[in-house]
Chemist: 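Please read through the structure below; I'll follow up with questions.
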Amino acid sequence: MHARLKGLIVDIFKDANLPEIEPQLREIPFEGQMGLALSNLFQIARVSKPDLEKDELKKYAGTLADLIAEKIRNTGDFEKVEAVKGYVNCFFKPQQFTRELLGRILGDGTDWARMESHGGRVMIEYSQPNTHKAFHIGHVRNAVTGASLVRCYRYAGRDTIAANYYGDIGSHVFKALWYLGKYHPDLKDAPDGVAERGKWLGEIYADAQKKLTDSENLLNQVWEILKPLNKILYNAYGSDEATFGLYTLPFNVRGIARNEEDLFEGRSNNDVIKIVDWMASQAKELRRRAGDIRIEPFGDLDWVNADTLLLNLNQIRSQSDYHQRLNRPIEVLDIANRWKIGDPKLLDLYNETRQWSFDDFKRIYNEIGVEFDVEFKESEVEREGLLIAIDLEKQGIVVDSMGAAIVEIDNQLKKRFGEPMQDKYRVLVLVREDGSSLYGSKDLALAKLKFEEYGIDESIYVVGNEQKFYFQQLFQVLRLMGFPQWERCFHLSYELVMLPGGKISSREGQVVLYDDVISELRDRALSVVKEKNPGLDDEIKVKISEIVAMGALIFGMLRVDTNKVIRFDFDEVLDFDGRSAPYIQYAGARAMSILRKAESEGIETPNDIALSDFNRELLPVEIELVKILNKLPEHIIKVVEDKKPFYLTNYAYDLAVKFSDFYHQCPVLTSEETVRRDRLLLVKAVRINIETSLGLLGIATPDVM
RNA sequence: GCGCCAGUAGCUCAGGGGAUAGAGCAACGGCCUUCUAAGCCGUGGGUCGCAGGUUCGAGACCUGCCUGGCGCGCCA
């Protein structure tokens with residue numbers, strides 16, 4: 001209809017010698033009216049008569065509208081055509097439109113809007129949880145966003161591979177393993193049960209992090225003392241360092257007195273302990289000989305402060321757990337080294353606990369209805385990542401920088417593609433100074449795998465907003481590597497889920513766990529079901545509450561734009577009224593209820609459209625309902641185009657609102673027979689569209705609520 | 001300092017250059033002998049962050065600024 005009207009208008013323009021501007025058609029925005037409006041007549045008027053005054057222009061646009069309306073009216077295709085306020089409104093014949101639409105919906109059910117396959121193969125990578133860490137509500141946002149996008153892509157006819165990429169190696173794993181080895185040898189006190197073990201591991205990581213944060217704080221404390229102390233020492237000793245025994249120090253500790261910025265730079269905690277010891281002794285020595293040395297006080301750092309500093313430092317050093325606390329990071333490094341040489345005992349611990357994480361993730365995915373076709377692991381691409389780095393070095397794309405392998409991206413873009421030098425993509429480090437791999441090299445290996453082994457043309461990464469810059473870098477490096485697909489790599493970034501107290505952080509122990517949220521939701525849902533529908537079997541009640549709880553969670557995570565921060569409010573998520581999944585599910589349940597009752601009363605519920613259907617004046621609510629039923633496909637197309645699943649939450653909600661409106665205004669079963677037949681058809685179509693749109697979001701529609 | 005994202009009703013958010021800027025929550029007032037009241041109807045509530053600009057027309061587009069979040073070399 002859209003295309004036909006457009007063609008018609010183009011012809012009219014031509015006949016009237018109007019400029020060749022594409023006519024813009026939009027839906028007539030009035031309630032209870034169905035049709036299309038030509039909306040850019042002003043533009044056409046302006047182009048065709050550029051010199052008109054404002055008022056004249058309006059008048060002219062009005063004349064054009066009259067002219068065009070007259071011609072369209074003469075075709076007889078529309079029920080009514082009117083020119084008003086510079087628009088040409090073309091009203092459809094709603095009966096015919098409705099028959100056609102409902103015929104399609106009832107004919108194909110939830111597949112009615114499914115699109116023909118087109119476009120290349122796309123991989124959507126999402127979820128990417130780290131093993132040995134807790135699965136929190138932020139992970140849920142990622143998972144349900146990715147999963148619903150996959151469903152929409154497929155529905156829209158795209159060959160889509162859903163991929164996960166587990167963070168099963170890296171410093172977080174070493175930290176957890178360190179803590180496990182130290183405080184839970186042989187995993188003796190680990191609980192049984194998939195969920196329990198997952199939770200336990202998450203707590204282990206949090207505890208490890210707490211201890212390491214404590215160490216870090218201690219280090220900072222020491223640093224805050226050392227910094228001014230260093231300055232005092234340097235000022236006192238100047239360049240005459242030999243006199244004071246600098247050379248008795250280990251080589252790597254030398255020179256600290258010269259540059260405070262580098263005091264801790266690149267040093268292990270072992271070094272730090274040595275530095276502290278040395279500084280303390282030197283300060284003491286200096287204090288002893290203070291009478292002999294001329295001190296030039298600077299800033300607020302005078303001798304009084306130096307004495308205080310020294311006192312504080314010695315106080316810290318004399319704490320019984322001082323060494324132990326500063327040693328923790330060294331122990332974690334030791335774990336990393338044992339990992340490198342493949343210590344079998346450590347590997348056993350790793351494999352066992354990693355599996356616990358995998359099992360628990362699988363359990364959660366199962367609950368939230370998320371599936372993957374391929375599951376990558378960081379551990380599997382690590383080696384290949386290092387090889388790629390070596391290869392790139394041979395090609396001159398990667399260069400050495402203080403032992404690390406880096407890509408100077410802006411340089412390379414200039415060199416290889418002659419692009420003007422800019423300071424945009426900066427530097428990406430692929431391999432650490434110590435030769436160990438980094439996320440960058442692993443992602444390159446993974447991308448290569450995706451392009452070459454899976455033959456994809458398009459690659460989508462569903463990853464948090466904070467990694468935006470990194471992905472820009474990554475895609476540029478893929479370009480430098482000569483992958484033509486680099487242009488069709490897309491970072492679908494989403495904002496974080498924040499708590500009233502700030503960022504969710506498993507490091508700081510400020511987390512809202514998935515399990516805690518969903519169990520709260522289930523409890524609440526169950527009590528509401530019991531209250532609203534006490535007559536149901538207990539088993540059914542539980543089933544419904546499951547569906548409602550999960551719907552509320554998923555909808556809560558999807559209902560706002562991905563680039564908007566979600567401030568997680570428990571009360572809001574628990575609220576099943578208004579703009580929520582339960583509201584929409586309820587509309588679906590009511591629709592089903594009507595159909596059920598019709599059947600039990602022996603009323604025929606038609607599956608096919610007859611020419612006699614909808615042969616009456618439709619009520620505005622009915623027309624509104626038909627209009628929104630028609631809009632499902634365009635919403636799915638938009639989701640895919642913009643990669644924003646939340647459009648579909650808007651659609652599902654709007655549909656439910658319209659249906660509620662209809663429900664209250666239009667009795668179905670008690671209506672006169674032909675009207676009843678029409679409305680039963682409408683109700684069926686509504687139920688199908690609710691199921692389809694919620695289904696694409698990963699939300700089920702219960703028959704009863 | 002530079003970059004990305006956000007700023008719309010008290011709060012949380014929709015708004016595809018087009019007709020009178022809309023929902024939910026919260027507040028207040030109504031509607032269950034009629035297909036499920038997890039619903040419906042009504043009332044109040046807006047300098048669309050600020051200032052310019054483009055346009056017949058700007059909440060939307062452009063420029064500058066303000067506020068908040070995130071990022072900018074060996075975490076992912």
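Sequence lines set the chain letters: A, B, ... in the order given, protein chains first and strands last, and positions in each chain run from 1.
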Chemist: Less than 4.0 angstrom between a side-chain N/O of A:Y583 and OP1 or OP2 of B:rC40, yes or no?
Modeler: yes
Chemist: Could you check which of B:rG16, B:rC40, B:rC13 has an atom nearest any side-chain atom of A:V560?
Modeler: B:rC13
Chemist: Determine the interatomic distance between P on B:rG16 and the same-named atom on B:rG7; round to the nearest Å.
Modeler: 12 Å
Chemist: So, is A:K564 close to the B:rG7 phosphate, meaning a side-chain N or O under 4.0 Å from OP1 or OP2?
Modeler: yes
Chemist: What integer number of Å spans the P atoms of B:rC41 and B:rC70?
Modeler: 40 Å
Chemist: Should B:rC65 form a Watson-Crick or G-U wobble pair with both distances under 3.5 Å, which nucleotide is its partner?
Modeler: B:rG49
Chemist: Select base, sugar-phosphate, or nothing to describe what A:A589 touches, counting heavy atoms under 4.0 Å on all strands.
Modeler: base
Chemist: For B:rG1, what is the paired nucleotide under Watson-Crick or G-U wobble rules, both distances under 3.5 Å?
Modeler: B:rC72
Chemist: Less than 6.0 Å separating the ring centroids of A:F570 and A:F568?
Modeler: yes
Chemist: On RNA chain B, compare the nucleotides closest to A:F662 and A:F30; which residue's is nearer the 5' end?
Modeler: A:F30
Chemist: Nearest to the A:R432 side chain among B:rA76, B:rG18, B:rG73, which nucleotide is it?
Modeler: B:rA76
Chemist: Give the ring-plane orientation class for A:F174 versus A:W339, where under 30° counts as parallel, over 60° as perpendicular and anything between as tilted.
Modeler: perpendicular
Chemist: Please work out which of the three classes, parallel, tilted or perpendicular, describes the rings of A:Y461 and A:F471, given edges at 30° and 60°.
Modeler: tilted
Chemist: Is A:K631 positioned over the aromatic face of A:Y651, cation under 6.0 angstrom from the ring centre and no more than 45 degrees off axis?
Modeler: no
Chemist: For B:rC25, decide between syn and anti, treating a glycosidic angle within 90° of 0 as syn.
Modeler: anti
Chemist: Name the pairs: protein N/O against N/O of nucleotides 24-34 of chain B, kept only if under 3.5 Å.
Modeler:
from   : atom 1 : to     : atom 2 : distance (Å)
B:rG24 : O2'    : A:R579 : N      : 3.4

Chemist: Would you mind classifying the nucleic acid contact of A:E56 as base, sugar-phosphate or nothing, using non-hydrogen atoms under 4.0 angstrom?
Modeler: nothing
Chemist: Report yes or no: do A:R579 and A:N650 form a side-chain donor-acceptor pair below 3.5 Å?
Modeler: yes
Chemist: Measure from CZ on A:R687 to P on B:rC35 and round the result to the nearest Å.
Modeler: 19 Å
Chemist: Under the side chain to side chain donor-acceptor pair (under 3.5 Å) test against A:Y494, which residue among A:N465, A:T562, A:T145, A:N142 passes?
Modeler: A:N142
Chemist: Rounded to whole angstroms, how far apart are CG on A:N533 and C1' on B:rA38?
Modeler: 11 Å
Chemist: Taking the minimum atom-to-atom distance to the side chain of A:S593, which one of B:rU36, B:rC75, B:rA14 wins?
Modeler: B:rU36
Chemist: So A:N89, base contact, sugar-phosphate only, or nothing? Heavy-atom distance under 4.0 Å.
Modeler: base
Chemist: From CZ of A:F555 over to P of B:rU12, roughly how many Å is that when rounded to an integer?
Modeler: 18 Å
Chemist: Tell me if a side-chain donor or acceptor on A:R141 pairs with a main-chain N or O of A:E495 at a distance below 3.5 Å.
Modeler: yes
Chemist: Between A:K377 and A:D168, does at least one N-O distance fall below 4.0 Å, as a salt bridge requires?
Modeler: no
Chemist: Picking from B:rG18, B:rC35, B:rC5, which would you name as closest to the side chain of A:L669?
Modeler: B:rC35
Chemist: Among B:rA19, B:rG71, B:rA38, which nucleotide sits nearest the side chain of A:F469?
Modeler: B:rG71
Chemist: With distance as the sole criterion, do the side chain of A:S401 and the base of B:rG73 form a donor-acceptor contact below 3.5 Å?
Modeler: yes
Chemist: Check every atom of B:rU36, B:rC75, B:rC40 against the side chain of A:R590 and return the nucleotide holding the closest atom.
Modeler: B:rU36
Chemist: Identify, between A:S437 and A:V529, the residue whose nearest nucleotide on RNA chain B lies closer to the 5' end.
Modeler: A:V529
Chemist: Just call it for A:V683: base, sugar-phosphate, or nothing, with non-hydrogen atoms closer than 4.0 Å on any strand.
Modeler: nothing
Chemist: For the aromatic rings, using the six-membered ring if either is Trp, is the centroid distance between A:Y205 and A:Y179 under 6.0 Å?
Modeler: no
Chemist: Check the distance between B:rU36's C1' and A:M592's CE and give it to me in whole angstrom.
Modeler: 14 Å
Chemist: Could you measure between the two P atoms, the one in B:rC5 and the one in B:rC65, and give it in whole Å?
Modeler: 16 Å
Chemist: Nearest whole Å is fine: how far is B:rC5 C1' from A:L496 CG?
Modeler: 11 Å
Chemist: Indicate, yes or no, whether a donor-acceptor pair under 3.5 Å links the base of B:rA38 to the side chain of A:Y586.
Modeler: no
Chemist: Cationic tip of A:R559 within the cone over A:F646's six-membered ring, i.e. under 6.0 Å and within 45° of the normal?
Modeler: no
Chemist: Touch check for A:S39, heavy atoms < 4.0 angstrom, all strands: base, sugar-phosphate only, or nothing?
Modeler: base
Chemist: Among A:L386, A:I390, A:V407, which one satisfies side-chain contact (heavy atoms from CB on, under 4.5 Å) with A:L430?
Modeler: A:V407
Chemist: Hey, does A:D561 reach any base, or is it just sugar-phosphate, or nothing, if we go heavy atoms under 4.0 Å?
Modeler: sugar-phosphate
Chemist: Would one find a side-chain N or O of A:R567 under 4.0 angstrom from OP1 or OP2 of B:rC11?
Modeler: no
Chemist: Report the base-pairing partner of B:rC13 (Watson-Crick or G-U wobble, both distances below 3.5 angstrom), or none.
Modeler: B:rG22
Chemist: Should A:N563 be listed as having a side-chain N or O under 4.0 Å from OP1 or OP2 of B:rA6?
Modeler: yes
Chemist: When you compare B:rA9 with B:rG15, how far apart are their C1' atoms, in angstrom units rounded to a whole number?
Modeler: 14 Å
Chemist: Does a salt bridge link A:E624 with A:K627, judged by any charged N lying under 4.0 Å from a carboxylate O?
Modeler: yes
Chemist: Calculate the interatomic distance between A:L474 atom CG and B:rC72 atom P; express it in whole Å.
Modeler: 15 Å
Chemist: Round to a whole Å and report the spacing from CG of A:N465 to P of B:rG69.
Modeler: 13 Å
Chemist: Looking at every strand, decide which applies to A:K424 at a 4.0 Å heavy-atom threshold: base, sugar-phosphate, or nothing.
Modeler: nothing
Chemist: Are side-chain N/O atoms of A:Y166 and A:Q128 paired as donor and acceptor at under 3.5 Å?
Modeler: no
Chemist: Under 4.0 Å, counting only non-hydrogen atoms across every strand here, what does A:V565 touch: a base, just sugar-phosphate, or nothing?
Modeler: sugar-phosphate
Chemist: Can the ring centroids of A:F576 and A:Y583 be said to lie less than 6.0 angstrom from one another?
Modeler: no
Chemist: For B:rA19, does the base pair up with any side-chain atom of A:R26 as donor and acceptor (N or O, under 3.5 Å, distance only)?
Modeler: yes
Chemist: With rounding to whole Å, what would you report as the distance between B:rA51 and B:rC66 at their P atoms?
Modeler: 15 Å
Chemist: Can you tell me how far P in B:rA60 sits from the matching atom in B:rU55, rounded to whole Å?
Modeler: 16 Å
Chemist: When both hydrogen-bonding distances must be under 3.5 Å and the geometry is Watson-Crick or G-U wobble, what is B:rC32 paired with, if anything?
Modeler: none
Chemist: Taking B:rA27 as the reference, what is the distance to B:rG44 when you measure between their C1' atoms (whole Å, please)?
Modeler: 9 Å
Chemist: Write down the distance between CZ (A:R524) and C1' (B:rA38), rounded to a whole number of angstrom.
Modeler: 9 Å
Chemist: For nucleotides 54-56 of chain B, tabulate all protein N/O to nucleotide N/O atom pairs closer than 3.5 Å, reporting atom names and distance.
Modeler:
from   : atom 1 : to    : atom 2 : distance (Å)
B:rC56 : OP1    : A:R46 : NE     : 2.6

Chemist: Can you tell me, in whole Å, how much space there is between the P of B:rG64 and that of B:rA14?
Modeler: 26 Å
